[in-house]
Amino acid sequence: MFRKILIANRGEIAVRVIRACREMGIEAVAVYSEADREALHVQLADEAICIGPAAARDSYLNIVNILSATVLTHAEAIHPGYGLLSENTKFARMCGQCNIAFIGPKPDAMLAMGHKLNARRTMIAHEVPVIPGSKDTIASLEQAQHDAKVAGYPVLVKAAAGGGGRGIRRVDREEDLANAIETAQTEALAAFGDDTVYIEKLVGAAHHIEFQIICDSHGHAVQLFERDCSLQMRRQKLIEESPSLLLDDELRARMGEAALRAARAVDYTGVGTVEFLVDDDRNFYFIEMNTRVQVEHPVTEAVTGIDIVREQIAIAAGEPLSFSQEDVAIDGHAIECRINACDPERGFVPSCGKVELIHLPGGPGVRIDSLLYNGCEVSPYYDSMLGKLIVHAKDRAEAIIRMKRALDEIVIRGVELNTEFQYALLSLPEFAEGRFNTETIELLQQRGLFPKC
């Protein structure tokens, strides 16, 4: 097992990894920007080292500085968390070249799944269902028009190197295709340094279901069942839960096996998430694989009792999984709400400032992963997510009640929060009855029932 790990991230995920390290008897090294000098992850770590100015590109995305910090502190491994450098193949390769363990999959697996079109080809070859669309990158408008016509409008123009909802444009008519391609390419180039795009059929009113998988280097691969992430706004997840009301045992088994086929296809090791869209006829389609720990991993931890981050670290150290597929079962129901510093009444504009008073919820079945403490500064330089609120209960109805109670208890003065918005979502009849999909919030916004971003 590792003696010391450097966490190449910030915020609540850095805190989460530090806590796992502490329980495993591993020293944790935090890195921080000048803006994060007093951040919670810095205070909790055994060691901390500054890696640059406030801007992420000069600090948390500065590969040379992070590797230098790892060498200086004699850390044996780097945990990248999620976002930032977590799916950066160059960074993973450079870790290997510096004889530093990268707590994540092999670079080749990251590359295979990180390029969405290559991933589609791989899934087709391994009989994992994919959404109808392009077989190759779009090289001309004529090719795009042909692919869109074959797939059938409406379609999506998608960045091949994309993620996080960026580099994606919906097209309902052929006359709008050229402009959508240009816009998606411009956004993709700015976000990912790659303007390659392809066409994919839009599966309207779909359900976003993802499967958590874990694979070790000894040939063991398991799936930890599903999370339903269908309640979204502008393709950004808001509420996640497990299990999904949409799936029965038969469909759950088929999708879980497809997720494992996807992982085995690229010789995957570590934790990852295979994401699917499911239509109302219960047909499911692979959309992508996230080759890292997910924001919503606590939902799966709650219903399975498995510490995903602990397993991730152990696998990177060469240890086998501590359990088998037969050991995994769903216990009760879990829901996660993302807590963001933003103002829903002003288009969800981010909020920043000093937290003057804080009270976080507790009680049976309540967990909160956050970066908050009294007097901390919420910076304008980074993502607005302050943490995640997770509840676990014996069934879904009780989980909803528990989450609403927990949201009611949150008090944070100094910044605006989205907690009332999350409470309103949980109070929707559509949510209570499971009648929601990826387009539900947009339709409610069009009816004037929710603020638009």
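- Around OH of Tyr381, the count of heavy atoms belonging to other residues, nucleotides or ligands within 6.0 Å does not exceed 12.
- Around atom CZ of Arg3, more than 12 heavy atoms belonging to other residues, nucleotides or ligands sit under 6.0 Å away.
- The cationic group of Arg396 lies under 6.0 Å from the six-membered ring centre of Phe431 and within 45° of the ring axis, placing it in a cation-pi geometry.
- Within 6.0 Å of CD in Glu420 there are 12 or fewer heavy atoms belonging to other residues, nucleotides or ligands.
- Judged by distance alone, the side chain of Gln325 and the main-chain N or O of Gln223 form a donor-acceptor pair under 3.5 Å.
- Residue pairs meeting the ring-ring contact (aromatic ring centres under 6.0 Å, His included) criterion with at least one partner in residues 43-81, sequence neighbours excluded, are Tyr60-Tyr382.
- With sequence neighbours excluded, no residue forms a side-chain hydrogen bond (donor to acceptor under 3.5 Å, both in side chains) with Thr70.
- Atom CG of Asp395 is surrounded by more than 12 heavy atoms from other residues, nucleotides or ligands within 6.0 Å.
- Between Glu187 and Arg169, at least one side-chain N (NZ, or NE/NH1/NH2) sits under 4.0 Å from a carboxylate O, which counts as a salt bridge.
- Across all their heavy atoms, Val303 and Ser242 have their closest contact at CG1-O, 3.5 Å.
- Considering every non-hydrogen atom in both Leu117 and Thr137, the closest pair reads CD2-N, 3.0 Å.
- Counting all heavy atoms, side chain and backbone alike, Val299 lies closest to Glu240 at CG2-O, 4.0 Å.
- For the pair Lys158 and Tyr198, the cation does not sit on the ring face, since its NZ or CZ is not both under 6.0 Å from the ring centre and inside 45° of the axis.
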